Trainee: 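My questions will all concern the structure given below.
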Amino acid sequence: MPGARAETGSDPSAAAGVPLSTYQQSVADYWNTERNAVNLRLGEVDGIYHHHYGIGAADFSVLEAPEEVREERIAEELHRLESAQADLLLEHLGRIAPEGRLLDSGCGRGGGSLLAHQRFGCAVDGISISRSQVAFAGEQAERRGVGGQVRFHLRNMLDTGFETGSFDGIWNNESTMYVELSLLFAEYQRLLRRGGRYVCITGCYNDAYGLPSRAVSEINAHYICDIHPRSTYFREMAAHRLVPVGVVDLTAATIPYWELRAQTHLATGIEEKFLSAYRDGSFQYLLIAADRV
Ligand code: GPP
Ligand code: MG
């Protein structure tokens, strides 16, 4: 029912509305009003706005930078770690031709879509159920002069309305914890051409630890999300013709980002929960790449 779906491009004000459940509406409300400095200030560093965390060794010396430049150095360093995370994800998409087409599912303010276009030169569609994120992302694409190739839409990742087999690659960067994976991967099975690649980076709870720890539950409450167990990813991929080609446990690699973030003016209060969940083994930061067979 295409009429019920909002197609916005860079003009979300023209959106007719995307059909959302009560839960999805509460998630959309969160992102429509979200203005965290840790996201906006970092995005201002180079105009690439991320909604995910960072990986790699952190330069803690920024905490001792001269006062007049300290906040700037901190923002640059956290942004560098987040950009490294995005680069790793894109690398796992493999070879994408300039004629190819990618889907950034749960695109946030659009930073990942812009980086993907920069890297592959291909068309990228970004989707979000947040009207303000879609508007923001569209403005960034226009500002960079790539609005014709990088387009943002107010759409539901469980029911995108895009044509069957129309994508060479799809990714979720920390957005799968907002949806049921059986529904999500059924849609990706449909959207990806045979041989297409799916990549996600996600926080998942560790089945070997048991049910979600207190810290994992607190992270869920903070973001209104529902972190899945690790097992569900592999079970639902297998059920939907998505065969893992690479799995990287990024847990150790993301800890420095959180240690640094916790000591800065940009901390939001969730930092110690992530650190505790990663350290006690109840939570894992994973990259999974899979082929659509
Ligand atoms: C980061 O977004 C990602 C999420 C909110 C989804 C939850 C992710 C998990 C791994 C559990 P953000 O960049 O907007 O968050 P923050 O404002 O905390 O930086
Ligand atoms: Mg952030």
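All values derive from a computational prediction rather than experimental measurement. Start at 1 and go down the list; that is how both ligands and their atoms are numbered.
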Trainee: Using a distance-only test with no angle check, is there a side-chain donor-acceptor pair under 3.5 angstrom linking S282 and N206?
Mentor: no
Trainee: Is R73 paired with E76 through a side-chain N to carboxylate O contact shorter than 4.0 Å?
Mentor: yes
Trainee: For atom 12 (P) of ligand 1, what is the closest protein heavy atom, and at what distance to 0.1 Å?
Mentor: H51 ND1, 3.6 Å
Trainee: Ignoring hydrogens, just give me the one of Q284, R109, E174 whose non-hydrogen atom is nearest atom 3 (C) of ligand 1.
Mentor: E174
Trainee: In the shown structure, where waters are left out, how many protein N, O or S atoms lie under 2.8 Å from the Mg ion (ligand 2)?
Mentor: 1
Trainee: Run the numbers for me: atoms of ligand 1, each under 4.0 Å from some heavy atom of Y178, listed by number.
Mentor: 5 (C), 6 (C)
Trainee: Is there a path of hydrophobic side-chain contacts, each under 4.5 Å between heavy atoms, that joins F60 and L78?
Mentor: yes
Trainee: Specify side chain, backbone, both or neither for H52, according to which of its non-hydrogen atoms lie closer than 4.0 Å to ligand 1.
Mentor: backbone
Trainee: Should we say atom CD of Q25 is surrounded by more than 12 heavy atoms from elsewhere, each under 6.0 Å from it?
Mentor: yes
Trainee: Find all atoms of ligand 1 within a distance of less than 4.0 Å from any non-hydrogen atom belonging to G203, and give their numbers and elements.
Mentor: 10 (C)
Trainee: Using a strict 4.0 Å cut-off to heavy atoms of N39, name the atoms of ligand 1 that fall inside it.
Mentor: 12 (P), 13 (O), 14 (O), 16 (P), 17 (O), 19 (O)
Trainee: Pull out every atom of ligand 1 sitting under 4.0 Å from any heavy atom of R261, numbered as shown with elements.
Mentor: 16 (P), 18 (O), 19 (O)
Trainee: Which pairs pass salt bridge (charged side-chain N to carboxylate O under 4.0 Å, His left out) with one or both residues in residues 47-59, sequence neighbours excluded?
Mentor: none
Trainee: For F185, does the six-membered ring have the charged nitrogen or CZ of R292 within the cation-pi criterion, i.e. under 6.0 angstrom from the centroid and within 45° of the normal?
Mentor: no
Trainee: Heavy atom to atom 10 (C) of ligand 1, shortest distance: which of Y53, W31, Y223 holds it?
Mentor: Y53
Trainee: Go through the side-chain N and O atoms of E174 and T202 and say whether any donor and acceptor fall under 3.5 Å apart.
Mentor: no
Trainee: Less than 6.0 Å separating the ring centroids of H228 and Y233?
Mentor: yes
Trainee: Please determine if R190 and E163 form a salt bridge, counting it only when a charged side-chain N lies under 4.0 Å from a carboxylate O.
Mentor: no
Trainee: Using modelled atom types only, decide if a donor and an acceptor are shared between the side chain of N173 and the backbone of A86 within a distance under 3.5 Å.
Mentor: no
Trainee: Checking a contact table here: which protein heavy atom is nearest atom 9 (C) of ligand 1, and how many Å away?
Mentor: M177 CE, 3.5 Å
